[in-house]
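Step one of this worksheet: look at the structure below.
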Amino acid sequence: MRRPVLDLRQVTKTYGAGDTAVHAVAGVDLVVERGDYVAVMGASGSGKSTLMNIVGCLDAPSSGRYLLDGVDVGRLQERQLSLVRNRKIGFVFQSFNLLARTSAVENVELPLAYAGVRPAERRRRALAALDRVGLAGRVGHHPNELSGGQQQRVAVARAIVNEPVLLLADEPTGALDSRSTADMLDLFDTLNASGRTLVIITHEDEVAARARRVVRMRDGEIQTDVRSAARELAP
Ligand SMILES: Nc1ncnc2c1ncn2[C@@H]1O[C@H](COP(=O)(O)OP(=O)(O)O)[C@@H](O)[C@H]1O
Ligand SMILES: [Mg+2]
């Protein structure tokens, strides 16, 4: 059997202590198999970002167990954790987070540089990733020469260039107009169809409607977890 990409068991995150303790994540069980496309929804304050920080190895849970691609990340020290993060997860943020003074292809090369890939190979793989997101004609442009939608596609290319097991996005269409949002959703469909595992935080129904599975959070817990009948995961 293939190991799941994510396997969280009774994961909690509590801020503060005693009477003022906030149970931001209050006992979450979540298994995400390879090739799935999951939208995480929920009202503001329901724990989405806290859960995503844990999933993204940016923050440690207070209790519970978390296996990322079979690795028990709860046992890792900060240095190992950042290695695992770099190798296994590609991040996309609402605000793109590109380096302003750096061309598209150089932005995409960054994770490869951290991973120690040689320059020529870096360039080859970054150009291929930009081609996959439809930006082969813009590789030398700086972020301020690109539209919001194009900048977010550069961010997606940067997120997938390492071939991570998971693409993790926090409100990836939050800063995009409706046309660019539609393009981004088409791109997510294409990436998922080619086997990539996506977990996307969103408050937009339009985005969630494209996912195979919608997880709704409330008060730090998973309230509902619904798989779309029309978009079953291939066996
Ligand atoms: N660093 C923190 N310190 C204290 N409380 C926090 C911290 N981060 C988040 N919280 C609280 O945890 C709860 C969940 O927050 P968050 O995960 O940001 O929710 P969401 O992303 O769904 O809006 C909220 O009550 C929030 O106020
Ligand atoms: Mg949030």
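What's counted below: heavy atoms across the whole structure, side chains too, no hydrogens, waters or symmetry copies. Indexing begins at 1, ligand by ligand and atom by atom, following the structure's order. Predicted, not measured: the structure shown is a model, and the values here were computed from it.
Gly42 does not count as a contact of ligand 1, since none of its heavy atoms falls under 4.0 Å from the ligand. Contact between Ala43 and ligand 1 is present, with at least one heavy atom of the residue lying under 4.0 Å from the ligand.
Here CG of Asn86 is found 9.5 Å from CZ of Phe91. Values are rounded to the nearest 0.5 Å. From Arg153, atom CZ reaches atom OG of Ser147 across 6.5 Å, with rounding to the nearest 0.5 Å. His23 NE2 to Ser62 OG: the interatomic distance, rounded to the nearest 0.5 Å, is 9.5 Å.
Evaluated for a side chain to side chain contact (heavy atoms under 4.5 Å, CB included) with Tyr37, the options Arg213, Arg196, Arg210 yield exactly one hit, Arg210. Between Arg65 and the choices Asp7, Asp29, Asp72, the salt bridge (Lys or Arg N to Asp or Glu O under 4.0 Å) rule is met once, by Asp7.
Protein heavy atoms are absent from the 4.0 Å sphere centred on atom 27 (O) of ligand 1.
Under 2.8 Å from the Mg ion (ligand 2) lies no N/O/S atom of Ser44, from backbone or side chain alike.
Protein heavy atom in closest approach to atom 12 (O) of ligand 1: Ala24 CB, 3.2 Å. Of the protein's non-hydrogen atoms, Tyr15 CE1, 3.3 Å is the one closest to atom 7 (C) of ligand 1. When only non-hydrogen protein atoms are considered, atom 25 (O) of ligand 1 lies nearest to Val22 CG1, 3.8 Å. Scanning all protein heavy atoms for the shortest distance to atom 24 (C) of ligand 1 gives Gly45 O, 3.8 Å.
For Glu78, the CD atom sits in a packed shell: over 12 heavy atoms of surrounding residues, nucleotides or ligands are nearer than 6.0 Å. Tyr15 OH: more than 12 foreign heavy atoms inside a 6.0 Å radius.
With Ser49, Gly47, Ala21 as candidates, the residue nearest to atom 21 (O) of ligand 1 on a non-hydrogen basis is Ser49.
Ala39 approaches Ala208 most closely through the heavy-atom pair CB-CA, 3.9 Å.
Within the listing of ligand 1, atoms 23 (O) sit less than 4.0 angstrom from a heavy atom of Ser44.
At a heavy-atom cutoff of 4.0 Å, ligand 1 is contacted by both the backbone and the side chain of Thr50.
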